[in-house]
2 protein chains.
Amino acid sequence: MEKTAKDVCETYCIHAEKVAKLQGNLPDLSQLAKLFKVLGDETRTKILYILAKEEMCVCDIAAILGSTVSNVSHHLRLLRSASLVRCRREGKVVYYALDDRHVMNLFTEGLEHVQHLNKI
Amino acid sequence: MEKTAKDVCETYCIHAEKVAKLQGNLPDLSQLAKLFKVLGDETRTKILYILAKEEMCVCDIAAILGSTVSNVSHHLRLLRSASLVRCRREGKVVYYALDDRHVMNLFTEGLEHVQHLNKI
DNA sequence: CCTTCATTTCAACATTTGTTCAATTGTTTA
DNA sequence: TAAACAATTGAACAAATGTTGAAATGAAGG
C-alpha cells in the first residue's frame with residue numbers, strides 16, 4: 001500500500017511521495033503573483049511600453065491612450081506600488097519613467113513567449 | 001503656441017511632439033497582457049512552481065495546494081490556453097508539465113524583481 | 001454492460017478589478 | 001491671497017475573476 005487516499009486534508013492523491021515532497025514546502029509566491037497581476041492589464045502594459053520609449057507626464061500618457069488622466073493616475077499608482085515605475089515632480093508636472101531593468105527583461109521575455117506562440 | 005490643448009480626443013496634453021510620436025503607433029499588447037494575467041494569480045504561480053519541479057497529475061496538485069480538484073482543473077485550463085503547461089493522458093490519469101522554456105525564464109525574472117525589492 | 005474513478009464542465013456565488021466622475025491636493029503664477 | 005492647473009484620491013458602478021459543489025465525460029476493469 002504505497003498510496004493512501006485521504007491522508008491529505010480533504011483531497012485524495014495518487015502519488016503520495018511526490019505530494020509529500022512539496023506539501024508545506026511551497027515558498028511564498030504571493031508577491032510574484034502580485035507582480036504579474038499588475039502587469040496583466042492591457043492599459044498598464046501600454047503605459048509600460050510608452051515609458052520604455054521615454055519619460056512622460058500623466059496627461060501625455062492619457063492623450064496617447066485616449067483615456068482619462070484619472071484612469072492613468074490610478075494605473076500608475078499600481079505600477080509604482082510594484083516598483084515598476086518611478087516618478088519625479090517638476091513644478092506642477094509629474095514625470096514617470098520605468099523603475100529598473102527587470103521591467104524590460106520581463107517585458108521582452110513575455111513578448112518572446114507570445115510571439116513564439118503566433119508562429120505555431 | 002507649441003502646445004495645444006484639446007487637439008487630442010477629449011484629453012489635453014503638454015508635450016505634443018512626444019504624444020504625436022506614439023499616438024496610434026502602439027503595438028497590440030493584448031496577448032502580452034493576457035499572458036501576465038494568467039500568471040497573476042497565486043494559485044497558478046504555485047501550480048507552475050510545482051510543475052517546475054516535476055510532472056504531476058491533477059489530484060496530486062490539489063493535494064499539495066490543499067484545494068479542490070475542480071479548482072485546480074480550472075486553473076490548469078487557463079494555463080494550458082496560454083501554452084504555459086501541456087498535458088498527456090495515461091489511462092485515467094492526466095499528467096501536467098511546463099510547456100516551454102519561456103515559462104521558467106519569466107518566472108525567474110519575476111522572482112528576481114521581487115527579491116530585489118525585498119533587499120531595499 | 002455496468003461500476004469505478006480521475007478529470008472536466010456547468011452553474012452559482014462572492015470578491016476583485018477597471019473605469020468614470022466629482023472632489024481634493026499641491027504647486028505655480030497673477 | 002486667489003486663481004489656474006496637473007495630478008491624486010474617493011465613491012460608485014459594471015464587468016471580470018476565483019472558488020465551490022454537483023453533474024457530466026471518458027477511460028479501465030470486473
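Proteins get letters first, then strands, A, B, ... in listed order; numbering begins at 1 in each.
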CG on A:Asp100 to CD on B:Glu112, rounded to 0.5 Å: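 It comes to 10.5 Å.
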
From CG (A:Asp99) to CE (A:Met104), nearest 0.5 Å: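 That separation rounds to 13.5 Å.
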
Protein-nucleotide distance ([X], atom [atom1]; [N], atom [atom2]), rounded to Å:
X: B:Arg89; N: C:dA6; atom1: CZ; atom2: P; result: 12 Å
X: A:Met56; N: D:dA7; atom1: CE; atom2: P; result: 12 Å
X: A:Arg88; N: D:dA7; atom1: CZ; atom2: P; result: 12 Å
X: A:His15; N: C:dA6; atom1: NE2; atom2: P; result: 11 Å
X: B:His75; N: C:dT9; atom1: NE2; atom2: P; result: 15 Å
X: A:Glu42; N: D:dT17; atom1: CD; atom2: P; result: 13 Å
X: A:Asn71; N: D:dG10; atom1: CG; atom2: P; result: 16 Å
X: B:Leu76; N: C:dT9; atom1: CG; atom2: P; result: 11 Å

Evaluation steps, side chain to side chain contact (heavy atoms under 4.5 Å, CB included), between A:Lys37 and B:Lys37: CA-CA 6 Å; A:Lys37 184 167 284 187; B:Lys37 186 168 282 186; over 6 Å; no

is_close_aromatic(A:His15, B:Tyr95), centroid dist under 6.0 Å: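 Centroid separation for A:His15 and B:Tyr95: below 6.0 Å.
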
Any donor-acceptor pair under 3.5 Å from B:His113 side chain to A:Ala82 backbone: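 Side chain of B:His113 to backbone of A:Ala82: a pair is present.
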
Short side-chain to backbone donor-acceptor contact, A:Asp60 and B:Ile14, under 3.5 Å: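 Looks like yes, one N/O pair under 3.5 Å.
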
Is the distance from OP1 or OP2 of [N] to the nearest side-chain N or O of [X] less than 4.0 Å?
X: A:Ser70; N: C:dT19; value: no
X: A:Thr68; N: C:dT19; value: no
X: B:Arg44; N: D:dG18; value: yes

Short N-O contact, B:Glu42 and B:Arg44, less than 4.0 angstrom: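 Salt bridge between B:Glu42 and B:Arg44, a charged N being under 4.0 Å from a carboxylate O: no.
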
Residue-level proximity of residues 92-100 of chain A to DNA chain C when a heavy atom falls under 4.0 Å: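 Under 4.0 Å from DNA chain C: A:Lys92.
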
Trace of the side chain to side chain contact (heavy atoms under 4.5 Å, CB included) decision for A:Ile47 with A:Leu51: CA-CA 6 Å; A:Ile47 291 176; A:Leu51 297 182; 3.9 Å; yes

Any residue of residues 28-41 of chain B with a heavy atom less than 4.0 Å from an atom of DNA chain D: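 Output list: B:Lys37, B:Asp41.
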
Of A:Glu90 and B:Val58, the one whose closest DNA chain C nucleotide lies more 5':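 Nearer the 5' end of the strand: B:Val58.
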
Parallel, tilted or perpendicular: rings of B:Phe107 and B:Tyr49 (30°, 60°):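 Rings of B:Tyr49 and B:Phe107: tilted, 30 to 60°.
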
base_contact_polar (D:dT17 base, B:His74 side chain, donor-acceptor, <3.5 Å):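 Absent.
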
